[in-house]
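Here the structure is laid out as structure tokens; the discussion comes afterwards.
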Amino acid sequence: VDAEDLTKAEIALRKQIAVIVDFFKKNIPGFEKCHLSWTADQACVRKSRVVDCEYDLTAQEIEDGARFDDEIALFGYHDSTPHVMIRGGGFYGVPYRALLPRGIDNLLVAGRLITTDRVAHNSTRNTVICMAEGQAVGTAAALCAHKGVKPSEIDVQLVRQTLRNDGAYLGD
């Protein structure tokens, strides 16, 4: 969040891009006339602050295709780490408790905020699983408001059934 650090990072990244373009021109046939046409407006961070949740998803669970009784989403993709593949080309579950912050009532989190190990984050940060978690968080929040209970007190099976009724695929 430090403006000077972010500025330094952007300058360094843009210099690296220029070096890469030059490398392509000089070393890769067919790229002799390539040029840089666009970059993002600003550098982005893949992993930033996270919230300490009731459950931390691990790379091993992703690789094993772990399933959970309280899962609210399924996902079958992992990127940036070629040695981590989901066994059998399947998918893994994200448990509801991975969306529940420890020691904080009336709050749910989704996406990059959930706690995972560094390698698992390469999967859980992807847009599709973030959207599925977001749907689960919104569904749970609405049910909590309707029932007058905290997110830690909601019947997770009710959340799961409501997600299914709304078209979410939970493997069954």
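The first residue of the sequence shown is numbered 1, and numbering continues consecutively from there.
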Heavy-atom nearest pair, S123 first then I62, reads CB-CD1, 3.9 Å
Atom CG of N165: over 12 foreign heavy atoms under 6.0 Å: yes
Please lay out, stage by stage, how L100 and L108 fare under the test side-chain contact (heavy atoms from CB on, under 4.5 Å). CA-CA 5 Å; L100 280 172; L108 291 159; 3.6 Å; yes
Give me the atom names and distance for the closest heavy-atom approach of D52 to D56. OD1-OD1, 4.4 Å
Rounded to the nearest 0.5 Å, how far apart are CD of Q42 and OG1 of T7? 10.5 Å
Report yes or no: does D64 contribute a side-chain atom to a donor-acceptor pair with the main-chain N or O of A66 at less than 3.5 Å? no
Is there a side-chain contact between Y92 and E63, using heavy atoms and a 4.5 Å cut-off? no
Would you give the length of the straight line joining atom CD1 of I11 to atom CG of L6, rounded to the nearest 0.5 angstrom? 11.0 Å
Heavy-atom pair with the smallest gap, counting every atom of L36 and I17: CD2-CG2, 3.5 Å
Shortest non-hydrogen contact from R125 toward R112: CB-CG, 4.0 Å
Side-chain donor-acceptor distances from residues 127-149 under 3.5 Å, at least two apart:
{"residue": "E133", "atom": "OE1", "partner": "G111", "partner atom": "N", "Å": "2.6"}
{"residue": "T139", "atom": "OG1", "partner": "Q135", "partner atom": "O", "Å": "2.8"}

Evaluation steps, side-chain contact (heavy atoms from CB on, under 4.5 Å), between L57 and F68: CA-CA 11 Å; L57 199 59; F68 303 91; 4.0 Å; yes
Shortest non-hydrogen contact between R97 and C53, atoms and distance: O-CB, 4.2 Å
Does a side-chain heavy-atom distance below 4.5 Å link Y169 with L74? yes
Kindly compute the distance separating CG (N126) from CZ (F75), expressed to the nearest 0.5 Å. 4.5 Å
Quick one: CG on L170 to CZ on R160, what's the gap to the nearest 0.5 Å? 5.5 Å
Given Y55 and I114, is the side-chain contact (heavy atoms from CB on, under 4.5 Å) satisfied, shown in steps? CA-CA 9 Å; Y55 191 85; I114 71 171; over 6 Å; no
Looking at CD of E61 and CD1 of I86, how far apart are the two atoms once the value is rounded to the nearest 0.5 Å? 12.5 Å
Approximate separation, where rounding is to 0.5 Å, of S152 OG and N106 CG: 8.0 Å
In terms of heavy-atom contacts, P95 and G93 come closest through CD-O, 3.8 Å
Has E32 got more than 12 heavy atoms of other residues, nucleotides or ligands less than 6.0 Å from its CD? yes
Could you state whether I20 and F31 fall into the same hydrophobic cluster, counting links through intermediate Ile, Leu, Val, Met, Phe, Trp or Tyr residues with side-chain heavy atoms under 4.5 angstrom apart? yes
Checking side-chain contact (heavy atoms from CB on, under 4.5 Å) for the pair Q60/D117: CA distance, chi angles, key distance, verdict? CA-CA 10 Å; Q60 188 64 57; D117 65 30; over 6 Å; no
Mind checking whether L163 and F91 sit in one hydrophobic cluster, side chains of I, L, V, M, F, W, Y counted as touching below 4.5 Å? no
State, yes or no, whether a side-chain contact exists between F23 and I28 at a heavy-atom distance under 4.5 Å. yes
Do E71 side-chain atoms and D69 backbone N/O form a donor-acceptor pair below 3.5 Å? no
